[in-house]
Amino acid sequence: MAADNMQRTGLVKNEKIREKNFELFKQRYGAELTIDPDEDEKYRMEEAEDGEIVLYIRDVTPGQDLRLNSIYNPSYEAARWAEKQEILNRRTTLVILGFSTSVFVRALFKKLRPDSVFFVYEPLENLFSFVCAFADLSDIITEPRIRLYVTENQRKNISNDMIHDLATFRPESKGIITPFYSENEAFNKLCHEMENVMGTTACYQQDRGRNALRCRMFAWNHMRNAHILADLRDRIPKDIPLIIVSAGPSLRKNAEVLKRIKGHAFILSTDRALMVLDEYDITPDAVISLDAEKSPDFMNVKVAQNIPVICSYQLNSESQKLFYGRRIFYHALGYEYDLIGPKVEAQNGLDQGGNVSGGAFTVCEFLGIKTVILIGQDLAFLNGKHHADGRNDGVPLTAAKEIKGINGEMVLSNDMWIGFRDFFERRIAANPDMRVIDATEGGALIEGTEIMTLAEVADKVCTKEYDLQKIFDDLPNAQSDKEYEEMLEREEQWLEQLDMIAENSKELEVLSRQLLRISKYQSIDDAAATKKLNKMDKLRLEIYETRINTLMEEFWIEDLYSIPDYTFMVRNNEEAIPVFESAMKFYGKYPEDCMSLKKELQEAIAKGKEDYEKEKRGEKID
């Protein structure tokens, strides 16, 4: 701790500067900053030897103030601190605890690449407001790559904003605590969520990305008798409650009461909960399933024979066949938008929490549901059980941890389920007009929910009757025959583009090898190097202008961290060498990846055409 009780040159607040900072902050963030009337009793500002500002927190310990930056040369000391931070030379997203006087944020901003993004979490709004009276922060406040979270409402949204950035751009990520700030629970939770998102993304890409794309390709070429969630949204009653039935071990407690609610709420079952509902002969109004890997056996039950499945485009293709004619798609990406049209309403970067119950919650948001009831959402063990069906599938592999339970006691959970809980908490916070009731009657506490038994929900909330079948009757098909033919033409364009990308990659591999040699033995600033770099830029731009390349990066390239950055940072030889080493390796393999995807897309198109002819003859597809 930089404790200090010496008095140096005090500084006087400049309210005009503060007013300017406040106005810019409001323009950018739509938030009004407030001034603490007791700020002078909590903070003081002095002048460093070089004329910069030095911030103090008063009386942190008896008779001593806490100094937050150097009294000699704050910018120099901050630059030295920034240099010690271990950050890879890649696009990086940082979440930073503590704004201080801005000197540390500025040092990191100067050190890191110009495509890095900074999420700055300042836990004390009154401290930030105090600093605004001494320094012109206009460059920081208006800088697009620096995002400040200062007010209480802003801090509630930092998790959603950060996760959207991570899911969209897949950067390196790092949490940093500004000097003299102490760790706090909210910041630690942010870092934990960031680690979960990045770890899940990397594992998904390596283990399941290609299979997910195969399932999407099946969906694209079989849209003629499928439906789109947006059409359901236009039909669903605005006041209808929706029950998300999850497969947690407490589900059996609620089964009999759920029968009473049938017809009084929209019952949306997750895929794994269907087996339990089948035991009790409870037919939900729909089931939701997202996973390309999950076995269709979970949904091959009697109560699901005539209900629709609300699903992602990458639902297991065998599950798609099981629900053929009853698929309602959502979570379209840009690829579906390009192939099928704007009716699909692309949702790039959608945070679904990593599980099907989270996906069900995002469906509620999309449909405009105002009352959501959770059952079977334990997120904890119950007498050693992890799911209500008693199967061993999905047994958590991470170490058990105790967390606060719904009834105030401690329950046994794990990092994966804690991540799911965090998802619900951030989405609930982002939807203040949505009423979320946890009627699980056990398991982990989800902050922001009302706690009720399902019997209380039946008596007090689900009291109105609804004709649920009418909602689904005669939903329009997602695609006409004419639209199908038009989509085939766009897929053929993608096949041609894969050929172009493969040829460009061969040239790029050669250029990378040549530029690597120049970087090692000559200068990257040479005219010959500049000419080759310009050639690379042209070839890469042709690749980046195609949608199929984005699809390759998202699903088909198994090592997502091998993908070169869109902008090559080669300001000197030292930076250039690792850039061209990785580029040479990547572009050397990329033609093979292009041709393997081309082959599978051709097969998916052919299968779609074959099944189209069967449908016209009234035959069942296989």
Side-chain angles (χ1 to χ4, degrees), residues 95 97 121 123 155-156 158-160 162-163 173 175 177 181-200 203 244-254 270 272-273 276 351-361 372-430 436-454 456:
V95 55
L97 173 60
Y121 181 97
R155 292 193 295 268
K156 288 178 182 178
I158 185 172
S159 178
N160 287 321
M162 180 186 70
I163 288 171
S173 59
I177 299 177
Y181 277 74
S182 299
E183 288 188 21
N184 67 33
E185 185 178 348
F187 181 77
N188 289 340
K189 185 177 178 180
L190 274 176
C191 293
H192 181 72
E193 290 181 3
M194 182 166 62
E195 290 172 4
N196 281 345
V197 169
M198 297 312 294
T200 301
C203 293
I244 298 175
V245 184
S246 300
S250 292
L251 176 57
R252 293 179 184 276
K253 297 179 183 179
N254 293 316
T270 58
R272 185 154 183 174
V276 177
D351 175 19
Q352 300 192 87
N355 71 334
V356 67
S357 296
F361 195 89
V372 177
I373 299 114
L374 308 176
I375 66 172
Q377 193 59 54
D378 293 72
L379 303 176
F381 292 97
L382 177 63
N383 299 324
K385 292 183 178 180
H386 51 85
H387 284 86
D389 58 16
R391 295 173 53 141
N392 287 326
D393 310 56
V395 59
L397 302 178
T398 54
K401 292 183 177 180
E402 283 195 337
I403 60 174
K404 189 175 181 181
I406 203 169
N407 298 316
E409 81 288 6
M410 301 303 287
V411 296
L412 208 56
S413 185
N414 57 67
D415 281 339
M416 180 175 70
W417 291 340
I418 291 169
F420 298 163
R421 179 205 62 186
D422 293 344
F423 163 81
F424 280 108
E425 290 182 348
R426 63 177 176 262
R427 294 315 307 159
I428 290 169
V436 183
I437 300 169
D438 192 341
T440 295
E441 301 181 32
L445 174 67
I446 301 173
E447 296 286 354
T449 59
E450 295 179 46
I451 310 301
M452 299 175 72
T453 66
L454 193 59
E456 289 173 325

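Hydrogens, waters and symmetry mates are skipped; everything else that's a heavy atom, side chains included, is used.
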Nearest 0.5 Å, what's the CD-CD distance between Glu450 and Glu456? 10.5 Å

What pairs of donor and acceptor atoms, side-chain ones from residues 401-411 against any protein atom, are under 3.5 angstrom apart with sequence neighbours left out?
unit_1	atom_1	unit_2	atom_2	d
Lys401	NZ	Asp415	OD1	2.7
Lys401	NZ	Asp415	OD2	3.4
Glu409	OE1	Asn407	N	3.3

Show every donor-acceptor pair shorter than 3.5 Å between a side-chain atom in residues 438-449 and any protein atom, with sequence neighbours excluded, or say none if there are none.
unit_1	atom_1	unit_2	atom_2	d
Asp438	OD1	Thr440	N	3.0
Asp438	OD1	Thr440	OG1	2.8
Thr440	OG1	Gln377	N	3.1
Glu441	OE2	Leu454	N	3.0
Thr449	OG1	Ile446	O	2.7

Once side chain to side chain donor-acceptor pair (under 3.5 Å) is applied, do any residues pair with Arg252, and if so which ones, sequence neighbours excluded? Glu279

Residue pairs passing the side chain to side chain donor-acceptor pair (under 3.5 Å) test with at least one member in residues 416-425, sequence neighbours excluded, are Lys189-Glu425

Heavy-atom pair with the smallest gap, counting every atom of Leu379 and Phe420: CD2-CB, 3.8 Å

Report yes if some heavy atom in the side chain of Leu374 is under 4.5 Å from a heavy atom in the side chain of Ser246; otherwise report no. no

Which of Asn184, Leu190, Asn188 passes side chain to side chain contact (heavy atoms under 4.5 Å, CB included) with Leu97? It is Asn184

Euclidean distance, Phe187 CZ relative to His192 NE2, rounded to 0.5 Å: 14.0 Å

If every non-hydrogen atom of Phe381 is compared with every non-hydrogen atom of Ser413, which pair is closest and at what distance? CE1-O, 4.4 Å

For Pro123 and Tyr181, the nearest pair of non-hydrogen atoms, with its separation, is CD-CE2, 4.2 Å

If you compare all heavy atoms of Gly358 against all heavy atoms of Phe423, which two are closest, and at what distance to 0.1 Å? CA-CE2, 3.3 Å

Contacts of type side chain to side chain donor-acceptor pair (under 3.5 Å), residue Asp378, not counting sequence neighbours: Ser250

Nearest heavy-atom pair of Ala273 and Ala247: which atoms, and what distance? N-CB, 3.8 Å

I need the minimum non-hydrogen distance between Gly175 and Cys191, along with the two atoms involved. CA-SG, 4.0 Å

Looking at Glu183, I want to see if its CD is surrounded by more than 12 non-hydrogen atoms of other residues, nucleotides or ligands under 6.0 Å. no

Taking the side chain as every heavy atom from C-beta outward, state whether Val356 and Arg272 have any pair of such atoms under 4.5 Å apart. no

What residues, two or more places apart in sequence or in another chain, satisfy ring-ring contact (aromatic ring centres under 6.0 Å, His included) together with Phe361? Phe424

